[in-house]
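Below, each value reflects all heavy atoms present in this structure, side chains not excepted, and no hydrogens, waters or symmetry copies. Chain letters run A, B, ... following the sequence lines, proteins first, then strands; residues in each count from 1. Being a predicted model, the structure only gives us computed values, none of them experimental.
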Amino acid sequence: MGQGASGAMPRYNPQVIEPKWQRYWEEHQTFRTPRLPEGQKYYVLDMFPYPSGEGLHVGHPEGYTATDIMARYKRMRGWCVMHPMGFDAFGLPAEEHAITKGVPPQESTYRNIANFRRQLKMLGFSYDWSRELATTDPDYYRWTQWIFLVLFDTWFDPQQQKGRPIAELPIPEEVQAQGPEAVEQYRDEHRLAYQAEALVNWCPALGTVLANEEVKDGRSERGGHPVQRIPLRQWMLRITAYADRLERELDLVDWPEGIKALQRNWIGRSEGAEVDFFIGSQEEFQQWRQRRQQTGFPRKPEPNVLRVYTTRPDTLFGATYMVIAPEHPLLDQLTTPEQREQVEQYRRQAATKSDLDRTDLAKQKTGVFTGSYAINPVNGREIPIWVADYVLMSYGTGAIMAVPAHDERDFEFAQQYHLPVVAVVDPEQAEGVDREAVLAGRVAFTGPGRAINSGPYNGLTTEEFKRRITEDLARQGLGRFAVNYRLRDWLFSRQRFWGEPFPILHELDDQGRPTGRVVPVPEEELPVLLPQIDDYKPIGRPEPPLEKAPPEWLYVQRDGKRYKRETNTMPQWAGSCWYYLRFLDPKNQQRFVDPEVERAWMPVDLYVGGAEHAVLHLLYARFWHKVLYDRGYVSTPEPFMKLVNQGMILGEVEITGYQDAEGRWVSADLVASDDEDRPVHKQTGQELRAVKIDPQQAEKRQNRFVLKEHPEIRLESRAYKMSKSRGNVVNPDHVVQQFGADALRLYEMFMGPLEATKPWSMDGVSGVRNFLDRVWRLVIDQHAPQMQLHPAVADVEPNEEQLRVLHRTIKAVTEDIEKMSFNTAIARMMEFVNFFTHQDPRPKRALEQFVLLLSPFAPHLAEELWQALGHEQSLAYEPWPEWEEKYVKQETLELPVQVNGKVRGRITVPADADQEQIKQAALSDEKVAAYVQGKQVARVIVVPGRLVNVVVR
RNA sequence: GCCGGAGUGGCGGAAUUGGCAGACGCGCCGGACUCAAAAUCCGGUGGGGCUCACCCCCCGUGUGGGUUCGACUCCCACCUCCGGCACCA
């Protein structure tokens with residue numbers, strides 16, 4: 001360096017300035033938010049993290065930086081911003097850790113939280129840390145329990161489509177007549193939180209049951225362990241009651257269409273009809289039909305009736321057999337003595353089959369004839385009733401009418417067991433359909449067409465037929481219009497320690513056996529704290545660890561009766577269902593949130609998080625919110641107005657080649673993967689070795705990468721999900737150490753659109769760090785012995801050109817932030833710096849405006865420069881720069897001139913030139929004239945401000 | 001199979017009420033500074049062609065068609081990749 005005092009030279013040093021400003025913000029409570037908004041409010045929320053032992057992942061700061069930019073920007077625009085952070089801290093990993101290492105979950109959880117908090121603060125996010133919460137705080141889960149009690153105290157009124165207090169549930173007379181116990185039972189059957197003996201997804205390896213949402217292909221989503229179906233008493237939440245509103249009210253929110261589609265898909269609403277099939281003799285059938293004419297369609301079918309749900313009532317005449325699920329309650333009654341043995345065996349088989357087996361065997365359908373017949377209500381024909389596990393008890397009525405001619409599954413089953421196929425829909429000229437084969441029953445046709453073989457309905461279109469027959473069936477009391485949902489009720493209990501205890505007591509009799517009666521723990525006694533236990537291990541039986549709690553916790557004496565506490569705990573999703581409300585009033589000891597505060601801040605204006613929560617968290621939270629809304633505890637029907645999903649960040653791009661055992665290269669197009677995802681040779685099946693290739697050794701030919709030395713060997717070039725096993729995980733601590741927090745923030749925003757999946761690149765980080773260095777040198781004289789402004793920085797008025805660049809930058813950056821198009825906003829700022837680096841003098845005023853523009857993205861650097869420019873206070877509440885249109889507009893425009901669509905020249909015209917002037921200028925341009933010469937000008941298209949196209953012949 | 005999303009230089013990406021394809025950054029090449037290196041600064045960089053004398057020409061946004069004066073953008077058919085669902089009657 002040659003200069004003695006080089007250490008004192010004011011270089012850009014994030015290691016020093018970042019902690020400095022973090023300390024400043026903390027000391028000055030810069031981002032403290034008032035109880036009630038002052039002026040216009042803006043609630044910007046991140047999906048709070050699960051504090052894992054690994055610490056922050058580079059995926060976290062992506063969304064967090066985006067929201068932080070919005071928060072800082074809005075503050076400078078004068079909005080009152082709510083921007084909190086907390087931790088979703090209940091969950092399996094802490095408990096697994098407790099089991100293997102013997103560390104109590106409380107301890108490891110709070111240690112992990114401390115680490116997360118440190119990392120988040122290191123990145124300079126402008127959270128109001130005084131609102132921090134963790135779902136594991138007794139002061140928080142007290143209110144999670146309280147909301148559970150609200151759910152317990154609520155029934156859904158289908159008339160009003162609304163949750164109401166259980167006390168308002170109308171009790172039918174016949175129930176009333178059976179006494180108070182029956183009434184209580186009737187109430188319990190209608191609560192949104194209820195107990196059921198449910199077939200649950202029991203995972204022996206995890207020692208808990210799982211929600212349907214947590215099971216993928218018969219294995220647990222976490223860990224990939226096998227899952228079995230066993231019956232167990234469980235707490236359920238009646239989310240299906242809200243299915244309709246959860247779907248319909250998606251219209252109220254500004255979410256990506258893709259996420260809405262995902263939720264609609266999950267809810268899976270379908271319309272069709274319920275139809276009753278009589279089981280008995282022809283004579284009885286006639287009487288039954290007549291009776292039904294009078295009574296209409298009953299709420300529950302009589303025992304001699306099989307009720308089915310179908311979306312295609314128009315194919316009723318094509319029903320050639322029926323199928324009921326193995327768990328169907330009528331199965332016993334329908335099974336004839338001759339068939340009993342077979343049916344029993346089949347039922348046992350189906351019951352012990354795990355979901356995994358059921359999926360594996362999906363290719364081959366199985367079933368057994370019950371021996372009974374049902375009578376088709378529309379034509380009086382008798383058809384056999386089968387039992388098969390391709391029909392699910394949990395959907396519709398657990399029974400179907402099978403129409404093999406017009407349903408793929410029924411067709412497959414009919415082929416398997418040689419059941420008749422009768423076509424009742426003529427596909428006519430439907431594209432790509434073999435009409436002859438359909439009519440002959442050789443293939444299934446599932447599309448719409450025209451009715452045949454359907455008696456009086458022949459000739460109707462599918463659409464028309466559906467409507468007519470549904471009406472006709474309803475009039476005769478044989479069927480009714482019906483809606484079904486794929487969505488199931490939410491299995492809400494877990495056999496784990498590290499979750500919220502249920503505020504529920506089970507009454508015991510004199511022998512200490514449960515009577516079946518449950519009572520809620522009174523609100524004043526909340527929270528029900530987790531007890532101290534020494535052994536967290538699941539027992540291997542579906543019996544919760546809380547069974548091992550000390551008796552003084554487990555047993556409660558009340559009004560002379562003994563009660564045992566509920567020992568299941570709530571699933572991890574519980575805490576995240578309402579945290580956005582608690583942030584508004586985190587210290588409130590009287591209520592879960594003060595209504596005044598709630599009304600002032602809700603709804604969340606912007607919610608950012610990963611798409612992996614598209615169905616689970618977002619559906620559950622919306623459900624709870626709607627219940628709270630119906631019960632008058634919150635003021636908005638939906639919690640999250642605008643939702644943005646940040647994309648995944650992948651590891652660095654890797655180029656991979658493949659070699660066989662002898663070390664010979666194998667072209668990537670000859671490589672397949674086996675069951676365990678290992679590479680094998682497509683033809684020989686031989687196992688191959690994946691080799692990481694240095695980019696220097698590869699080159700691109702056409703659209704593929706090949707080995708430079710052997711161009712016939714194709715390589716694979718792609719980025720993979722970050723994972724410990726692949727060793728491509730990027731640690732934010734290291735990035736901050738090496739490049740600084742501002743560089744990390746800026747890079748994550750510069751990588752590409754927020755929503756896109758994008759690969760990490762350390763070179764990219766150093767690129768934006770380079771930009772920050774240039775910003776520093778734009779303002780600071782780094783060769784001076786101490787901190788001082790660059791000599792070119794002067795208190796002068798900007799010239800015309802500088803004003804233009806400045807104002808265009810302000811406009812572009814502002815509009816890009818509004819669109820959350822952060823990558824392009826950063827590109828605009830880079831252009832500004834490229835331009836102003838060459839300016840001498842550099843007007844201080846212009847630089848100040850620029851520093852303000854930069855501040856939401858790189859807040860530490862911006863604060864430091866703001867101070868160097870002579871300001872004493874933080875820039876966090878400085879007014880956002882405004883642009884003036886007169887500097888943004890151009891006086892003259894350079895327009896390209898095309899001849900027959902190809903650019904052949906360019907002209908310069910005044911910005912306000914009219915079409916005729918532009919046309920003349922274009923035609924008189926030398927180059928254009930050369931192309932036009934000797935040809936006929938057919939048309940001249942002038943697009944103001946864009947281009948001119950001369951069409952010649 | 002069904003539902004979403006995406007295919008643009010060596011790489012990340014920019015540009016759509018249809019109007020100059022490749023902004024900005026990385027990488028690479030060349031130059032300046034230096035004894036040298038790092039850092040920094042300047043210039044170049046889609047492919048091909050040309051007497052490549054810096055001018056000009058042709059091709060080019062996954063593939064094939066179409067609409068249009070004009071298509072990365074709209075329409076039809078298809079291919080590939082990513083995400084989700086998957087016996088839901």
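Atom NE2 of A:His783 is separated from atom C1' of B:C33 by 12 Å (rounded to the nearest Å). Atom C1' of nucleotide B:G12 and atom CD1 of A:Ile655 are separated by 15 Å, given to the nearest angstrom. Note: OH (A:Tyr390) to C1' (B:A89) measures 8 Å, nearest angstrom. Taking atom NZ of A:Lys902 as the reference point, atom C1' of B:G60 lies 12 Å away to the nearest angstrom.
B:A15 and B:C24 have their P atoms separated by 13 Å, with the value rounded to a whole Å. Nucleotides B:C82 and B:G64, compared at atom P, are 23 Å apart to the nearest Å. Taking atom C1' on both B:G46 and B:A53, the two are 25 Å apart, rounded to the nearest angstrom. Using atom P as the reference point in both B:G65 and B:U73, the two lie 14 Å apart (nearest Å). Rounded to whole Å, the C1' atom of B:U16 lies 12 Å from the corresponding atom of B:A21. Spacing of P atoms, B:G62 relative to B:G12, comes out at 14 Å, to the nearest Å. Between B:U8 and B:G4, the distance separating the two P atoms is 22 Å to the nearest Å.
In this structure, A:Pro753 reaches the sugar-phosphate backbone alone: every heavy-atom distance under 4.0 Å involves primed, P, OP1 or OP2 atoms, never a base. Among the protein residues, A:Gln898 comes within range of the nucleic acid bases, having at least one heavy atom under 4.0 Å from a base atom. Residue-level contact check: A:Arg769 touches neither bases nor backbone, having no heavy atom under 4.0 Å from any strand. Using a 4.0 Å heavy-atom cutoff across all strands shown, A:Arg946 reaches sugar-phosphate atoms only and no base atom. Heavy atoms of A:Tyr931 sit under 4.0 angstrom from primed sugar atoms or phosphate atoms, though from no base atom. No engagement by A:Gly268 is indicated, since no non-hydrogen atom pair under 4.0 Å with the nucleic acid exists. Using a 4.0 Å heavy-atom criterion, one finds that A:Gly767 contacts the sugar-phosphate atoms exclusively. The residue A:Leu947 sits close to a base: some heavy atom pair falls under 4.0 Å. Within the 4.0 angstrom heavy-atom criterion, only backbone atoms of the sugar-phosphate kind lie near A:Thr311; the bases stay farther away.
An OP1 or OP2 oxygen of B:C26 is reached within less than 4.0 angstrom by a side-chain nitrogen or oxygen of A:Asn770. Under 4.0 angstrom from either OP1 or OP2 of B:C57 there lies at least one side-chain N or O belonging to A:Arg904. The side chain of A:Arg264 contributes no N or O atom lying less than 4.0 Å from OP1 or OP2 of B:G4. Residue A:Lys260 places none of its side-chain N or O atoms closer than 4.0 Å to OP1 or OP2 of B:C3. A sub-4.0 Å separation between OP1 or OP2 of B:A89 and a side-chain N or O of A:Ser270 is present.
Within the 6.0 Å centre-distance limit, the rings of A:Phe413 and A:Tyr390 are counted as a close aromatic pair. Aromatic rings from A:Tyr747 and A:Trp760 are positioned such that their centres are separated by under 6.0 Å.
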*Any chance you could lay out the side-chain hydrogen bond (donor to acceptor under 3.5 Å, both in side chains) test for A:Asp244 and A:Tyr485, step after step, and finish with the verdict?*
CA-CA 9 Å; A:Asp244 201 51; A:Tyr485 300 94; 3.0 Å; yes
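Because its glycosidic torsion is within 90° of 0, B:G9 is reported here as syn.
By the 30° and 60° cut-offs, the orientation of the rings of A:Trp776 relative to A:Tyr12 is tilted. Using cut-offs of 30° and 60° for the angle between ring planes, the A:Phe850 and A:Phe832 rings count as parallel.
Closest approach to the A:Thr824 side chain among B:C85, B:C20, B:A15 is made by B:A15 (side chain taken as heavy atoms from C-beta onward). Comparing B:C20, B:C24, B:C41 against the side chain of A:His838 picks out B:C41 as the nearest. The side chain of A:Asn823 approaches B:G13 more closely than any other nucleotide in the set B:G13, B:C41, B:C85.
Nucleotide B:G60 is matched to nothing when pairs are restricted to Watson-Crick or G-U wobble geometry with both distances under 3.5 angstrom.
Judged by distance alone, with hydrogens and angles left aside, A:Asn949 brings a side-chain donor or acceptor within reach of the base of B:C69, the pair sitting under 3.5 Å. Contact of A:Arg906 with B:C20 (side chain to base): a donor-acceptor pair of N or O atoms is detected under 3.5 Å.
Of the residues near RNA chain B, A:Ala756 and A:Arg939, the one whose nearest nucleotide (by heavy atom distance) lies more toward the 5' end is A:Ala756. Remark on RNA chain B: of its neighbouring residues A:Arg774 and A:Asn834, the 5'-side contact belongs to A:Asn834, judged by nearest-heavy-atom nucleotide.
Between A:Asp314 and A:Lys466, none of the side-chain N atoms (NZ, or NE/NH1/NH2) sits under 4.0 Å from a carboxylate O, so this pair counts as no salt bridge. Looking at A:Lys819 and A:Glu815, no side-chain N of the basic residue comes within less than 4.0 Å of a carboxylate O on the acidic one, giving no salt bridge.
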